[in-house]
Amino acid sequence: DEVKQELREAAAALGDARDVARFVRDACVRLSAPLDGGGEVRQLVPALLPAPVRERAGLGERALPIGFDLPLPDRVTHIARTHPLVEALGAYLTEGALDAGLEGVAARCGALRTTAVTRRTVILLLRARMHLDVTRGGVTGSLLAEECITAGYSGAGGGAPTWLDWDEAERLLSAAPSGNVPPGQRERWLRDALGEVERLGDGLAEIAQGRAEEVLAAHRRVRAAARLRGVDYRVRAVLPPDLLGLYVLMPAGGAPA
């Protein structure tokens with residue numbers, strides 16, 4: 001039962017068919033190659049995708065029927081999380097967002113007004129890295145693990161932030177905009193939030209350290225369930241975590257910033 005629980009948590013972190021479908025649909029729309037049709041089978045037109053995506057995914061230019069949930073009709077390609085198309089889209093969008101010299105369709109920073117929040121909220125996408133030290137038979141080996149963490153807080157400005165729980169921060173990543181924001185105002189919100197992050201060192205370190213302790217506890221639970229003996233684990237968080245993305249959510253209706 002303990003191992004099953006760890007597998008369920010791992011599967012939830014990796015995403016399911018609905019996450020894959022949402023990502024592929026949204027990515028194709030952003031790249032001006034929307035999927036045709038509805039229902040369980042969609043038509044992908046690779047010729048509309050950027051050449052780097054087609055080449056990485058090993059696609060030709062002919063239309064391809066695809067689906068995300070099994071079972072599927074014959075000659076329909078199943079697009080799972082590890083399909084080359086998903087990897088190619090992910091790599092292309094990420095590289096465009098991280099390279100300041102490229103004008104990508106995904107952004108590391110964003111700001112919007114939304115009905116999903118009632119007060120100013122900042123969502124952070126962090127990369128947490130940790131060293132996992134495994135000692136067996138008196139010999140210690142170290143592995144480097146990394147994962148993305150979604151964190152968020154409300155308030156701040158001149159005061160202390162109120163940190164959100166992880167589920168709430170994850171949910172707010174899907175917040176829908178409720179109206180347009182003048183570019184100058186958006187830039188001001190982002191500058192203010194980036195300035196705050198520089199003062200959040202202790203809070204970010206606590207988040208990364210907490211995640212490292214959860215990883216350590218998971219290893220120990222599995223070890224105990226499998227009745228492994230003579231193996232010892234230690235986890236060391238690499239601080240500070242890397243800031244990959246920052247998104248400012250402001251209440252709808254023109255509430256004060």
Side-chain angles (χ1 to χ4, degrees), residues 8-9 11-27 29-30 90 93-94 96-98 104-128 147-214 237 239-257:
R8 282 194 291 268
E9 291 185 7
L14 291 172
D16 58 17
R18 290 173 298 179
D19 297 314
V20 174
R22 174 182 54 79
F23 168 70
V24 173
R25 288 197 302 265
D26 290 353
V29 167
R30 284 179 176 270
L93 294 176
T94 301
L98 295 177
V105 298
R108 295 181 64 187
C109 286
L112 68 155
R113 287 196 181 275
T114 177
T115 58
V117 299
T118 57
R119 59 184 303 200
R120 176 183 182 272
T121 301
V122 179
I123 304 298
L124 307 173
L125 180 62
L126 306 172
R127 180 174 62 182
E147 62 180 345
C148 286
I149 297 176
T150 304
Y153 64 89
S154 59
T162 300
W163 290 97
L164 310 178
D165 63 49
W166 287 9
D167 290 340
E168 177 68 4
E170 189 85 11
R171 182 186 69 80
L172 288 175
L173 276 179
S174 302
S178 61
N180 294 326
V181 177
Q185 190 174 51
R186 179 183 295 111
E187 292 169 0
R188 177 171 62 84
W189 290 347
L190 291 173
R191 281 197 303 269
D192 291 345
L194 286 169
E196 288 174 1
V197 169
E198 296 178 358
R199 302 190 296 272
L200 295 176
D202 291 343
L204 297 181
E206 185 176 341
I207 290 172
Q209 189 61 47
R211 182 55 191 152
E213 291 172 0
E214 289 182 6
L239 302 177
D242 298 322
L243 178 62
L244 299 183
L246 178 147
Y247 309 96
V248 180
L249 310 182
M250 299 295 290

* Any side-chain heavy-atom pair from Leu125 and Leu246 closer than 4.5 angstrom? -> no

Rounded to the nearest 0.5 Å, the CD1 atom of Ile207 sits from the CG atom of Leu239 at a distance of 11.5 Å

Note: Val122 and Glu196 closest approach over all heavy atoms is CG2-OE1, 4.5 Å

_Regarding Arg211 and Glu206, does a basic nitrogen lie under 4.0 Å from an acidic carboxylate oxygen?_
no

In this structure, CG of Leu172 is separated from CD1 of Ile123 (nearest 0.5 Å) by 4.5 Å

Practice task
Could you tell me whether Asp165 atom CG has more than 12 heavy atoms of other residues or ligands within 6.0 Å of it?
Solution key: yes

Residue set satisfying side-chain hydrogen bond (donor to acceptor under 3.5 Å, both in side chains) with Glu187, at least two apart, ordered chain then number -> none

So the ring pair (Phe, Tyr, Trp, His ring centres under 6.0 Å) pairs with at least one residue in residues 163-182 (sequence neighbours excluded) are Tyr153-Trp163

On a heavy-atom basis, the closest approach of Ser154 and Thr121 is CB-OG1, 3.9 Å

Taking every heavy atom of Ala208 against every heavy atom of Ala237, the minimum-distance pair comes out as O-CB, 4.1 Å

Shortest non-hydrogen pair, Leu204 vs Pro241, comes out as O-CG, 3.8 Å

CZ/Arg30: more than 12 non-hydrogen atoms of other groups inside 6.0 Å: no

The side-chain contact (heavy atoms from CB on, under 4.5 Å) partners of Leu112 (sequence neighbours excluded) come to Thr114, Pro177, Leu249

Hits for salt bridge (Lys or Arg N to Asp or Glu O under 4.0 Å) against Arg18, two or more places apart or cross-chain, chain-then-number order -> Asp16

Sorted by chain and number, sequence neighbours left out, side-chain contact (heavy atoms from CB on, under 4.5 Å) with Leu98 holds for Thr94, Arg108

Hey, are the side chains of Arg186 and Leu190 touching, using non-hydrogen atoms and a 4.5 Å cut-off?
yes

Applying side-chain contact (heavy atoms from CB on, under 4.5 Å) to Val29 and not counting sequence neighbours gives Pro34

Inset, instruction - Show your reasoning for whether side chain to side chain contact (heavy atoms under 4.5 Å, CB included) applies to Asp192 and Arg188. - result: CA-CA 6 Å; Asp192 291 345; Arg188 177 171 62 84; 3.9 Å; yes

Residues at least two apart in sequence or cross-chain that pass side-chain hydrogen bond (donor to acceptor under 3.5 Å, both in side chains) with Glu213, listed by chain then number, are none

Those residues at least two apart in sequence (or on a different chain) that pass salt bridge (Lys or Arg N to Asp or Glu O under 4.0 Å) with Glu168 are Arg171

### Message
Whether the side chain of Arg113 engages the backbone of Met250 through a donor-acceptor N/O pair (distance < 3.5 Å, no angle test) should be reported.
### Response
no

Glu170 meets the side-chain hydrogen bond (donor to acceptor under 3.5 Å, both in side chains) criterion, sequence neighbours left out, with Thr150

Across all chains, not counting sequence neighbours, the side-chain hydrogen bond (donor to acceptor under 3.5 Å, both in side chains) partners of Arg191 are none

Cys148 and Leu244 have their tightest heavy-atom pair at SG-CD1, 4.0 Å

Taken in chain and number order and not counting sequence neighbours, the residues that satisfy side-chain contact (heavy atoms from CB on, under 4.5 Å) with Arg22 are Asp19, Arg25, Asp26

Residues passing the salt bridge (Lys or Arg N to Asp or Glu O under 4.0 Å) test with Arg127, sequence neighbours excluded, are Asp242

Heavy-atom closest pair (Ala252 atom, Ser178 atom, distance to 0.1 Å) is CB-OG, 3.3 Å

